[in-house]
Structure formats: structure tokens, C-alpha cells
Amino acid sequence: MVNPLPSGQYFISMITEIELLSYPSLSLEEETQIIDFLNKITIIGIDNNIKNLTIAFRKQYKLRLADAIIVATAKSLNATLFTNDVRLANLTEINTQSVQIL
């Protein structure tokens with residue numbers, strides 16, 4: 001049994017939204033489930049603060065652009081980043097928590 005996420009307020013980067021909806025083999029049912037999820041969560045766009053943090057994270061850690069934006073979004077919100085990416089989980093500037101993907 002997988003542990004549920006702790007209760008709290010959740011956000012995602014608009015990059016995560018794009019990634020979720022752009023899988024080529026996504027079925028109509030899966031797309032509908034993702035859209036239902038997205039309608040229930042706050043999606044954070046890219047403002048100047050996130051842009052500047054993205055640049056800094058890319059320079060310092062040579063992250064892919066999408067990962068840098070996601071990390072910068074978490075940092076700008078002072079939020080915990082839930083990830084199964086070991087590289088992102090090891091960044092010390094943000095709080096991270098590993099999650100098990102089904």
C-alpha cells in the first residue's frame with residue numbers, strides 16, 4: 001500500500017501541466033483524469049522571480065529547463081517539492097520529499 005500525500009495545500013508548475021498533458025500515448029480516459037486533477041489544483045505560472053531562480057538553478061546545477069522551472073517554482077513558494085527524481089531530491093536549497101509512483 002502506498003502512503004497518501006499529507007494533507008495541505010498543493011501547487012504545480014505550469015511546466016508539470018504541460019508535461020502531464022503532452023504524453024503521446026495518453027488515452028482519452030487518462031487525459032480526462034489528468035484534466036480533472038488539474039482543475040482541482042493551483043497551477044503556478046512563471047513570474048520574474050521564478051524566471052530568475054530558474055536561471056540560477058540552471059547555471060549552478062546544469063538542470064534541464066523544465067526541472068529548473070519546477071525547482072524554482074517550489075523555491076519561490078517556499079514549498080516542499082514532491083519528486084522521485086534523485087537529482088532534484090538532493091538539492092539543498094529546497095525542501096524535497098520522495099514519492100512512490102504507481
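No experiment lies behind these values; they were computed from the predicted model shown.
- With sequence neighbours excluded, no residue forms a side chain to side chain donor-acceptor pair (under 3.5 Å) with Tyr10.
- Residue Ile46 holds its CD1 atom at 11.5 Å from CG of Asn52, rounded to the nearest 0.5 Å.
- Side chains of Phe11 and Thr73 form no contact here, defined as non-hydrogen atoms less than 4.5 Å apart.
- Put simply, CD on Gln97 and CG on Asn84 are 12.5 Å apart, with the number rounded to the nearest 0.5 Å.
- In this structure, CG in Asp36 is found 13.0 Å from CD1 in Ile41, a value given to the nearest 0.5 Å.
- Heavy-atom minimum distance, Arg58 versus Ala68: CG-CB, 3.3 Å.
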- Task: Would you please test Ile34 and Leu26 for side chain to side chain contact (heavy atoms under 4.5 Å, CB included) and show each step?
- Result: CA-CA 10 Å; Ile34 291 169; Leu26 200 62; 3.8 Å; yes
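- Between Leu91 and Leu63 there is a side-chain heavy-atom pair separated by less than 4.5 Å.
- Taking 4.5 Å as the limit, some side-chain heavy atom of Leu38 sits within range of a side-chain heavy atom of Ile43.
- Taking OG1 from Thr83 and CG from Asp85, the interatomic distance works out to 4.5 Å, rounded to the nearest 0.5 Å.
- Using a 4.5 Å heavy-atom threshold, the side chains of Ile44 and Ile50 count as touching.
- By the 4.5 Å heavy-atom criterion applied to side chains, Glu30 and Tyr23 are not counted as neighbours.
- With hydrophobic clusters built from ILVMFWY side chains whose heavy atoms lie under 4.5 angstrom apart, Ile55 does not share a cluster with Ile94.
- Counting non-hydrogen atoms of other residues, nucleotides and ligands closer than 6.0 Å to CG of Asn78 gives a total of 12 or fewer.
- The side chain to side chain donor-acceptor pair (under 3.5 Å) test applied to Glu31 returns no partner, not counting sequence neighbours.
- Using a 4.5 Å heavy-atom cutoff, the side chains of Lys51 and Thr54 are not in contact.
- Between atom CD of residue Glu19 and atom CD1 of residue Ile69 there is a gap of 9.0 Å, rounded to the nearest 0.5 Å.
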- Query: Step by step, would you call Leu88 with Thr96 a side chain to side chain contact (heavy atoms under 4.5 Å, CB included)?
  - Reply: CA-CA 8 Å; Leu88 299 184; Thr96 60; 5.6 Å; no
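- Residues that satisfy the side chain to side chain donor-acceptor pair (under 3.5 Å) test with Arg87, not counting sequence neighbours, are absent from this structure.
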